[in-house]
Amino acid sequence: MKKNVQFAALIFAASIAAVAQTSNSKIFRLSNGDWVEQSTGTLPAKKTIKVTTTAGPIHLTGGQQNDITYTVSKRVRAGSEESARREFARLRFNVSSAGDVALLRGECDSESRGYVGFDLNVPAQTTFAKLETSGGAVSANNIAGRLHATTGGGSIQMDQIGEGFASSGGGNIEVGRIERDVRVETGGGSIKIGNVGGQIVASSGGGTLVIGTGKGMSLETGGGTIQVNQCTGAIKASTGGGSIYVKEVSGHAQVESGGGSIHVGPVRGGLRVETGSGPIMAVLANGGAAFTDSRLETSAGDIVVYIPDDLKVTIRAAVEVARGSGITSDFPGLKITTPSQQWGPREVEAEGALNGGGPLLHVHTTNGSIEFKRQK
């Protein structure tokens, strides 16, 4: 029995490799009066890296190296080095490894007035990195695998990542290049995303969304502006009240605003655009996905639609309370019907088949005007 216990203890010790003795441990004071206790160390490379701290920033960078090097920084506010050392004692960190996982954890007492931050350099081939802090900024760059980053309220930055997820309680999120898919969410901060090789899912409680390129997109904000440069698939974008600017869409576009203006196009795969109050400008295009039944609608605002000469489409349009002519068109195949009355509110309608007709394009505004223009 005793031999079995000893054998089990040896197996456990072999499976958990504690960090080597930290070197270059030092204490120094910053210009703002804060004190820092900094320790460095090394771990063997692992496929998975998990970093957790109750308070403090986390920074991870991938590179051409065969191990994991780290710097742990305890930071406190104190009047003297002696009082700073007492505060440092309330802050703890642990570094270990088990199997294919490297673990780094920082803990702060409830009464402490500081944080434990981590700065890591890891192999670029790392398969998975999970970074969690209850309060602090998170950044990660240059790893080929997946990244899972969360913070209770700080900012998040990632770039040159294989696949990413980021969640902040209210901070800004900035994403550079992602090889595959990315999903980000923040309680109220802004979101900026560059080039993504796969799907983009982004949501904010009220911040602005600025998106570069991606294969498909699902974008949502409680009230901020949304800007998109290019979507090579389908896009769904909605805001509670801000404006939306979407440039190039190869698939279907569903765009909604509670009350802002909307500019979208060129769109190749059909579209559904709605705003509670504001103008709409849509540019239609041929090529890519097949054009499908579409709808443009605003309660109060003008609508301008640019149509290429070779697009097969059937149009039905209506202005309930027209100003001036109500509906104008560059296409003779579109029949516009105007009431004979000259005074008071007028309802103007238009209908016609362009290039032999095709999918239905319904255009409606309650109070405004509609223009169909030839795309040059």
Side-chain angles (χ1 to χ4, degrees), residues 181-184 191-204 208-299 301-308 310-317 354 358-365 370-373 375:
D181 299 338
V182 66
R183 180 163 65 93
V184 300
I191 296 174
K192 184 177 181 179
I193 299 177
N195 299 322
V196 176
Q199 302 289 315
I200 298 174
V201 179
S203 64
S204 172
T208 297
L209 275 60
V210 179
I211 313 297
T213 62
K215 281 188 176 180
M217 302 179 187
S218 178
L219 314 174
E220 181 179 2
T221 175
T225 298
I226 298 177
Q227 300 179 31
V228 177
N229 186 54
Q230 183 184 34
C231 179
T232 58
I235 182 172
K236 182 178 181 181
S238 66
T239 173
S243 299
I244 300 178
Y245 304 90
V246 178
K247 288 186 178 180
E248 185 174 349
V249 182
S250 299
H252 185 272
Q254 182 176 338
V255 184
E256 301 176 2
S257 174
S261 62
I262 297 177
H263 293 210
V264 59
V267 178
R268 293 175 173 81
L271 67 167
R272 184 178 183 89
V273 178
E274 297 181 15
T275 176
S277 176
I280 296 174
M281 186 188 77
V283 181
L284 312 184
N286 254 332
F291 190 77
T292 58
D293 288 351
S294 301
R295 185 180 186 90
L296 310 175
E297 185 166 5
T298 176
S299 297
D302 300 334
I303 301 177
V304 180
V305 186
Y306 289 88
I307 304 174
D310 55 351
L311 183 64
K312 298 179 181 294
V313 61
T314 299
I315 295 175
R316 293 178 188 167
L354 304 185
L360 178 64
L361 171 62
H362 183 89
V363 184
H364 176 267
T365 177
I370 297 175
E371 295 180 72
F372 294 98
K373 293 187 174 183
Q375 183 181 344

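Positions are given from 1 along the sequence. Only this structure's heavy atoms are used, side chains among them; waters, hydrogens and symmetry mates stay out.
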What side-chain donor-acceptor pairs closer than 3.5 Å can you find for residues 233-244, not counting sequence neighbours?
from	atom 1	to	atom 2	distance (Å)
Thr239	OG1	Gly224	O	2.7
Thr239	OG1	Gly241	N	3.4
Thr239	OG1	Gly242	N	3.1
Ser243	OG	Ser261	OG	3.1

Quick check for you: to the nearest 0.5 Å, what is the distance between [X] atom [atom1] and [Y] atom [atom2]?
X	Y	atom1	atom2	answer
His364	Thr298	NE2	OG1	10.0 Å
Gln227	Lys192	CD	NZ	10.0 Å
Ile211	Ile191	CD1	CD1	7.0 Å
Arg316	His362	CZ	NE2	9.0 Å
Ser257	Ile226	OG	CD1	8.0 Å
Gln254	Ser218	CD	OG	9.5 Å

Please report the closest heavy-atom contact between [X] and [Y], naming both atoms and the distance.
X	Y	answer
Lys247	Asn229	CB-O, 3.1 Å
Ile193	Ala202	CD1-CB, 4.2 Å
Ala253	Val267	CB-CG1, 4.2 Å
Leu284	Pro308	O-CD, 3.2 Å

### Message
Let's go through Leu271 and Phe291 carefully: what are the C-alpha distance in whole Å and the side-chain angles of both, what is the deciding distance for side-chain contact (heavy atoms from CB on, under 4.5 Å) to 0.1 Å, and is it a yes or a no?
### Response
CA-CA 8 Å; Leu271 67 167; Phe291 190 77; 4.1 Å; yes

Side chains of [X] and [Y]: does their closest heavy-atom pair fall under 4.5 Å?
X	Y	answer
Arg183	Gln199	no
Met281	Tyr306	yes
Phe372	Ile303	no
Thr232	Thr213	no
Ile315	Ile307	yes
Asp181	Val201	no
Thr208	Thr221	no

### Task
Show your working on side-chain contact (heavy atoms from CB on, under 4.5 Å) between Leu354 and Leu311 and close with a plain yes or no.
CA-CA 7 Å; Leu354 304 185; Leu311 183 64; over 6 Å; no

Kindly say whether [Y] contributes a backbone atom to a donor-acceptor pair with the side chain of [X] at under 3.5 angstrom?
X	Y	answer
Ser294	Thr292	yes
Thr314	Pro359	no
Asp310	Asn286	no

#### Entry: Audit row: Ser204, Leu209, side-chain contact (heavy atoms from CB on, under 4.5 Å) steps and yes/no
CA-CA 8 Å; Ser204 172; Leu209 275 60; 3.9 Å; yes

### Query
Listed by chain and number, what are the salt bridge (charged side-chain N to carboxylate O under 4.0 Å, His left out) partners of Asp302, not counting sequence neighbours?
Arg323

